[in-house]
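Some notes on the structure that comes next.
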Number of protein chains: 2
Amino acid sequence: MILNLDPRSNTPIWEQVVHQIKELILKEILQPEDKLPSVRELSGTLLINPNTVSKAYQELERQGIIETLRGKGTFVSASITPRADEQKITEMKQQIKQLVIEASYLGIDQQTLAEWIKKFSAELGGSNKYVKND
Amino acid sequence: MILNLDPRSNTPIWEQVVHQIKELILKEILQPEDKLPSVRELSGTLLINPNTVSKAYQELERQGIIETLRGKGTFVSASITPRADEQKITEMKQQIKQLVIEASYLGIDQQTLAEWIKKFSAELGGSNKYVKND
DNA sequence: ACGTGTGTATTATTATGTATAGTACACTTA
DNA sequence: TAAGTGTACTATACATAATAATACACACGT
């Protein structure tokens, strides 16, 4: 598995791993019950520390995205259920608010933002499995 | 000036100050050439270190949002020009991509995201001064 | 000239998070 | 048994954030 990691990014490496694996699952490149690379293998290909990969896997498991079986490996969860986590939704709204503010100072209007959202949604596979009314 | 700071947030205090001052300017609560509180005064009301306020002010000046006059104080810039900073736009696209991914796992569709953007845009004053075609 | 209020610079200290390194343990499977 | 799994633990290094204390240069009103 090949991920694009940016060591100079302000987002931690383990978090980049989490993000990109979630993206691969949405794109169905990783499918339910697929086996993920072992901690040692992935740390080898990504040239990062095994502990960093382990931290990413633990976070993914905490979110219910993957499951780990001792001695066997880690696998994409058979069924990923979207949780309407109220706190996360609040955080997301705050993030969007901040996004709109920054966009204003860059001369970007809301319509452009909406178009970008539409574009990325399409890239992730038009019919989104995890959205309720779908 | 009263700002809502969250010491437990992962975003640094100085960055929260930057964000909220930019928001106040968009809402025209702070207007061009208005004087901002002095570093010491704001640090007093917010109960944070003067250096933290200073760092926020320096970042705002770097972005051309405010101007500082030695011995006089800091003021909202007379004219704020939106810069189409390509790097920042690229970062914003990446941020939106990540937002769409996270939204998917929360069961939020793109339409809802677009509506939230519209809502926050309205809150910031419908006619946005810093957007070109406006 | 003086004192006060500006932003700024500097040094030091503390705390936190990230990432690495090395080692060890419990488990599963061939 | 041996190899491969995830995990736990300690230790180290590094960067950033935040605070504290001090000092400097400038503007302004008296």
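So that the names make sense, note that chain A is the first sequence line, chain B the second, and so on, each numbered from 1.
- Rounded to whole angstrom, the span from the CD atom of B/Glu59 across to the C1' atom of C/dT8 amounts to 16 Å.
- Each of A/Pro7 and B/Ser54 lies near DNA chain C, and the nucleotide nearest B/Ser54 is the one positioned closer to the 5' end.
- Rounded to an integer number of Å, the gap from CG of A/Asn51 to P of D/dC14 is 18 Å.
- A/Ser54 and A/Gln58 share a side-chain donor-acceptor pair at under 3.5 Å.
- Between B/Lys88 and A/Glu102 there is no salt bridge, since no side-chain N of the basic residue sits under 4.0 Å from a carboxylate O of the acidic one.
- Separating the CG atom of B/Leu42 from the C1' atom of C/dG5 is a distance of 15 Å, rounded to the nearest angstrom.
- When distances run from any side-chain atom of A/Arg70 to the nucleotides D/dC9, C/dG7, D/dT7, the shortest one goes to D/dT7.
- As judged by a 4.0 angstrom heavy-atom cut-off over every strand, B/Ile13 is placed among residues touching the sugar-phosphate backbone only.
- For A/Thr68, whose side chain is taken as the heavy atoms from C-beta onward, the closest listed nucleotide among D/dT7, C/dA9, C/dT20 is D/dT7.
- Atoms CD (A/Glu41) and P (D/dG4) sit 11 Å apart, rounded to a whole Å.
- Within the 4.5 Å cutoff, the side chain of A/Lys72 has no heavy atoms near those of the A/Lys35 side chain.
- What separates CG of B/Asn10 from C1' of D/dA17 is a distance of 13 Å, to the nearest Å.
- Closest approach of B/Leu5 and B/Gln20 over heavy atoms only: CD2-NE2, 4.2 Å.
- Within the nucleic acid shown, A/Ile48 comes within 4.0 Å of sugar-phosphate atoms alone, with no base atom in reach, counting heavy atoms only.
- Atom P of nucleotide D/dA15 and atom CZ of A/Arg8 are separated by 15 Å, given to the nearest angstrom.
- Between A/Lys72 and B/Glu61, the one whose closest nucleotide on DNA chain C sits nearer the 5' end is B/Glu61.
- Here A/Thr52 does not reach the OP1 or OP2 of C/dT18: none of its side-chain N or O atoms lies under 4.0 Å away.
- Side-chain atoms of B/Arg40 and base atoms of C/dG7 include a donor and an acceptor less than 3.5 Å apart.
- Distances from the side chain of A/Pro12 to the nucleotides C/dT18, C/dG7, C/dA9 place C/dT18 closest.
- Atoms CZ (B/Arg62) and C1' (C/dG7) sit 18 Å apart, rounded to a whole Å.
- With C/dA9, D/dG6, C/dT18 as the choices, the nucleotide that has an atom nearest any side-chain atom of A/Lys55 turns out to be C/dT18.
- Regarding B/Asn49, its CG atom lies at a distance of 7 Å from the C1' atom of D/dA20, rounded to whole Å.
- Residues A/Glu59 and A/Arg62 are paired through a salt bridge, judged by an N-O separation under 4.0 Å between the basic side chain and the carboxylate.
- The side chain of A/Gln58 lies closest to D/dT7 when the candidates are D/dT19, C/dA9, D/dT7.
- Comparing atom distances between the B/Trp14 side chain and each of D/dA18, C/dT18, D/dA23 picks out D/dA18 as nearest.
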